[in-house]
S.K.: 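Before I ask anything, let me first share the structure, which is written out below as structure tokens.
Computed from a prediction, not measured in an experiment: that's the story for all the values here. Numbered from 1 within each chain, the chains take letters A, B, ... in sequence-line order.
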2 protein chains.
Amino acid sequence: MALKSIYLPEPSFEGEMARIGGEEHRHLVVARAEAGEPVEIFDGKGNVWAAAIVSVGKREALMRVSEQRRIEAPAADVTLAQALIRTAAFELVIEKAVELGITRIVPFVASRSNVTAARRPDRWLRIIVEAAKQSKRYHLPFIADPVGFEAVLSMPAASRILFAERGGGPLKSALSGSPVLYLIGPEGGWTDDELSAAKDCGFCLVSLGEGILKAETAAIVGGALIRYELEKNG
Amino acid sequence: MALKSIYLPEPSFEGEMARIGGEEHRHLVVARAEAGEPVEIFDGKGNVWAAAIVSVGKREALMRVSEQRRIEAPAADVTLAQALIRTAAFELVIEKAVELGITRIVPFVASRSNVTAARRPDRWLRIIVEAAKQSKRYHLPFIADPVGFEAVLSMPAASRILFAERGGGPLKSALSGSPVLYLIGPEGGWTDDELSAAKDCGFCLVSLGEGILKAETAAIVGGALIRYELEKNG
């Protein structure tokens, strides 16, 4: 049985005891967690505590906390600026971004964005937390409130990449080190205005190879290739 | 409006006319296809016909077919051997494999496979056809009936890769050209017996980098990286 992870963004222990309420407590109840079971508590910022369940009550669970360890953040600092797309696809992107160790997700409104997509920061955070538990990512990516395209264009990074369906160059020559910022457009694709604005702002247009990838697939594949290139050279 | 694609695995035209029935006819009805609308017909084997709708009746649609073109298959021949995993994850893998231009999908039963996952070849084919239409992949991947792990181990390829959570080497040194066969395990991971059997059969164990990827994410990321490396060198 996999070790259960409990997310506690601002841990305040009473001596060696921790009280777990709210959503994380409900998860323990649903998972039939039992007294004596070893667990781990993490704060999403790289701090992890070994712990053991003392009791699971109706409103809270009690844990005895033992040693703390510190997990380093992934070496590469990668920001995904993702156009708002339909809800299921956007949520898939969030989940996979966590698995890939993306540092930051910035949703933005593109000309062809599906802006009827639900903006649900609370739900986005839950998806991030659950994905982090499963993939043992102890640094949660930061997810920003949706911004406009101009705000994305003004974000600084050592490597600034826009993945385009056509007309892009190879990834390798666009990567000049970390931090990396990469842009993924909406289902309907980029407009010509957006592409030239990005070029004017110094972004490199990069191709993801032959064939058309859906927006969410491009986000996953783009992130995976960036990570692959950075890890190879770092 | 995007050009509608109609899948006709065994086209038999009457002169320059084509009759479309069954599932593809229902799609046209749902999409409110109209007389005069240009469409394309494809057979999933690289043949594409430009056509125009003549009529959409209750039981079939009639098309007038004009010129035919031939689309080359992706240069790289890549087979994904995917352990049976839960249905939603398995279906996501199929869809993304089409987008990535994977040639062949071989489902297999691993020791820790979720064999309660529905084996629904009809549904798998529908997912493949719909993904092919969206990503304009005119060569459908072949999907095999599920086999045992031994059958996978005996499949020939120039590059034979097993993606492992730990203990794997870099992808680049495992890739010695096309055709490529890559193996993705079930949610619960590989058993030690499976790993050593694969090594005995000459498979290269490859790592997908730091962090734990879910089975379906590993299938997508692994396929994307293989394609990336092959296109770079081809």
S.K.: Under a 4.0 Å N-O cut-off, is there an ion pair linking A/Glu210 with B/Arg137?
M.R.: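 A salt bridge links A/Glu210 with B/Arg137.
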
S.K.: Quick check: under 4.5 Å, non-hydrogen atoms only, which of residues 94-106 of chain B neighbour chain A?
M.R.: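 So the qualifying residues are B/Glu95, B/Lys96, B/Glu99, B/Leu100.
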
S.K.: Which distance, rounded to the nearest 0.5 Å, do you find between the OH of B/Tyr228 and the CG of A/Leu171?
M.R.: 4.0 Å

S.K.: Salt bridge check: are B/Lys232 and A/Glu229 linked by an N-O gap of less than 4.0 Å?
M.R.: yes

S.K.: Measure A/Pro170 against the heavy atoms of chain B and call it side chain, backbone, both or neither at under 4.5 Å.
M.R.: neither

S.K.: Would you say CZ of B/Arg70 has more than 12 non-hydrogen atoms from neighbouring residues, nucleotides or ligands within 6.0 angstrom?
M.R.: yes

S.K.: Between B/Lys136, B/Glu216, B/Arg227, which has the largest tally of heavy atom pairs under 4.5 Å with chain A?
M.R.: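 Sorted descending by pairs with chain A, the first entry is B/Arg227.
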
S.K.: Please list, chain by chain and in numerical order, all residues satisfying side chain to side chain donor-acceptor pair (under 3.5 Å) with B/Arg166, sequence neighbours excluded.
M.R.: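 Scan of B/Arg166 (side chain to side chain donor-acceptor pair (under 3.5 Å), adjacent residues dropped) gives none.
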
S.K.: Do any of residues 181-195 of chain B come closer than 4.5 Å to chain A, heavy atom to heavy atom, and if so which ones, in number order?
M.R.: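 Expected list: none.
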
S.K.: So which residues of residues 218-226 of chain B are in contact with chain A at a heavy-atom cut-off of under 4.5 Å?
M.R.: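 From residues 218-226 of chain B, the residues near chain A are B/Ile220, B/Val221, B/Ala224, B/Leu225.
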
